[in-house]
Amino acid sequence: MTSVNSKDNATNLTVLGIETSCDETAAAVVCGPANKRILSSTIRSQIDEHTEFGGVVPEIAARAHIEILDRIVAGAMHEAGCSWDDIDAVAATAGPGLIGGVIVGFMTAKAIAMAANKPLVGVNHLEGHALTARLTDDLAFPFLLLLVSGGHSQFLLVRGVGDYERLGTTIDDAIGEAFDKTAKLLGLPYPGGPHVEKMAAKGDVTRFRLPRPLLDRPGLDMSFAGLKTALRTQAKKLEPVDEQTICDLCAAFQRSVSDVLAARTKSALALFKDRHPDAEPAIVVAGGVAANQEIRRSLLAAADEAGARFVAPPLTLCTDNAAMIAWAGIERLQLGPVDDMALSPRPRWPLDAANAGVLGAGKKGAKV
Ligand code: KG4
Ligand code: ZN
């Protein structure tokens, strides 16, 4: 392994990142931390391959990553205008996620690192999401992270690189998964989130009242499976449902989710202030569900009420991408040399090992 400190790069590194843990094949070249720049970020979504199955099919995902990853990496290097000499290290997602895809990306990264004689950083995908706001918004530690995607729904206290505490999580479906299942139930296409949001915009939010699961209990855990069941029960009563009813149900569903997230965000910020009275309170939202405008508005209102900063990285960096993996690699390398050649890809990898509480694997990965 070569040392990353051979150039004037203790303060600036150029890292190739690779991400393949779900249904996006992505590569990026990022420079930092002194002069933060995303030199390239290429993402190829597999939505078309999975649409007809109404969700991500792990085997299809792994094969699609194999077919295209070489070209995606070459494209990211070309767009960045980099040769291998310009690259200080290779960072790749080593988990958690759909294991076939993780193996494809991480083994490719190992091969590149070995051939180009560069250090390899095995990045926790969730750490990639957690640290993105430090790339985009220069956010200082500590801060709160709300991760809301198809595979994850959790509040994390981010104290430093590698120093996380999971404060709360879904006890059943991830939020994106609940949006996708709700869409499927109502005959809307996959992925469901954007379609539910579009229909909700035309709906009457007062017509149906769906539950706010777990809000009667303390703590920061969440539950979304019951919400979807309640919606199904309402829809069944009115079968066959007309378009307006679908819109009204979507509006009620989206409002319930927003209310739950806003209430839990307020509690999470109160806990944050308790733990870190001297820090400026801040909450970062990441994951595909962060695209939802009503959810964003609710989170912003909750943060405002608590006097906290609300940070939502641009959507392309909120959803799965490789720039966040390269950046997490840079953050890790700042702490000292890294050699992850012996690391194995893993389907589950909680950021907070002391509080793992694995709940089983969702369609889009481990819901840790
Ligand atoms: O982070 P992401 O792109 O992929 C992973 O799950 O890792 O998140 C995808 C999820 C899907 O479940 C999708 O339905 C949801 O994010 N989503 C949305 C919206 N856009 C995407 N959910 C609600 N409203 C949206 N506008
Ligand atoms: Zn993700």
Side-chain angles (χ1 to χ4, degrees), residues 17-26 43-47 50-51 53-56 58 61 65 93-98 101-102 105 123-132 145-154 156 170 173-186 188-201 203 224 227-228 250-251 253-258 260-261 284-299 312-325 327-328 347 349 351 361-368:
I18 294 177
E19 158 61 34
T20 54
S21 68
C22 192
D23 59 345
E24 267 93 21
T25 313
I43 303 173
R44 197 254 168 197
S45 165
Q46 300 176 357
I47 282 182
H50 302 290
T51 299
F53 304 101
V56 178
H65 288 307
T93 300
L98 299 175
V102 176
V123 172
N124 183 313
H125 176 87
L126 302 177
E127 181 158 56
H129 281 300
L131 299 177
T132 300
L145 173 74
L146 171 60
L147 183 55
V148 281
S149 70
H152 307 279
S153 303
Q154 49 185 301
L156 282 162
T170 177
D173 290 350
I175 304 183
E177 195 181 355
F179 266 97
D180 294 340
K181 287 181 178 171
T182 294
K184 198 170 182 180
L185 202 110
L186 296 173
L188 302 173
Y190 173 84
H195 297 281
V196 170
E197 180 171 20
K198 214 157 91 198
M199 298 305 266
F224 299 100
L227 189 53
K228 177 199 64 207
C250 286
F253 173 82
Q254 192 172 272
R255 179 59 57 85
S256 284
V257 172
S258 302
V260 169
L261 287 175
V284 177
V285 64
V289 181
N292 187 287
Q293 294 303 317
E294 182 174 345
I295 290 176
R296 271 181 186 244
R297 276 195 299 275
S298 307
L299 296 176
L315 210 62
T316 46
L317 295 173
C318 262
T319 53
D320 289 350
N321 67 87
M324 70 178 190
I325 302 303
W327 173 252
W349 188 3
L351 276 181
K363 199 167 43 179
K364 300 194 78 185
K367 284 184 283 185
V368 291

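Just so you know, residue 1 is the first one in the sequence shown, and it goes up from there. Both ligands and their constituent atoms are indexed starting at 1 by order of listing.
Every atom of ligand 1 with a heavy atom of G176 under 4.0 Å away is listed here by number and element: 12 (O). Here is the list of ligand 1 atoms found below 4.0 Å of a heavy atom in G287: 1 (O). Counting atoms of ligand 1 from 1 in the listed order, those under 4.0 Å from a heavy atom of T319 are 3 (O). Each of the following atoms of ligand 1 lies closer than 4.0 Å to a heavy atom of E197: 25 (C), 26 (N). Close contacts of ligand 1 with D180, meaning ligand atoms under 4.0 Å from a residue heavy atom, involve 11 (C), 12 (O), 13 (C), 14 (O). For ligand 1, the atoms lying closer than 4.0 Å to a non-hydrogen atom of D320 are 4 (O), 5 (C), 7 (O).
A centroid separation of 6.0 Å or more is found between the aromatic rings of F53 and Y190.
By the criterion of a heavy-atom distance under 4.0 Å, neither the backbone nor the side chain of C22 is placed next to ligand 1.
For D320, the N, O or S atom closest to the Zn ion (ligand 2) goes by the atom name OD1. Nearest to the Zn ion (ligand 2), among the N, O or S atoms that H129 has, is NE2.
Side-chain atoms of E294 and E197, non-hydrogen and from C-beta on, never get closer than 4.5 Å to each other.
Between T20 and H65, the side chains place no donor N or O within less than 3.5 Å of an acceptor N or O (distance only, hydrogens not considered).
The Zn ion (ligand 2) lies at 2.8 Å or more from every N, O or S atom belonging to H152. The Zn ion (ligand 2) lies at 2.8 Å or more from every N, O or S atom belonging to C22.
Note: no N/O pair closer than 3.5 Å links F179 and ligand 1 by distance alone. Annotation: G150 places an N or O atom under 3.5 Å from an N or O atom of ligand 1; distance criterion only.
Rounding to the nearest 0.5 Å places CZ of F179 at 9.0 Å from CG of L227.
Only one option out of T93, I325, L351 pairs with E127 in a side-chain contact (heavy atoms from CB on, under 4.5 Å); it is L351.
Ranked by closest heavy atom to atom 20 (N) of ligand 1, the top entry among G151, G288, C318 is G288.
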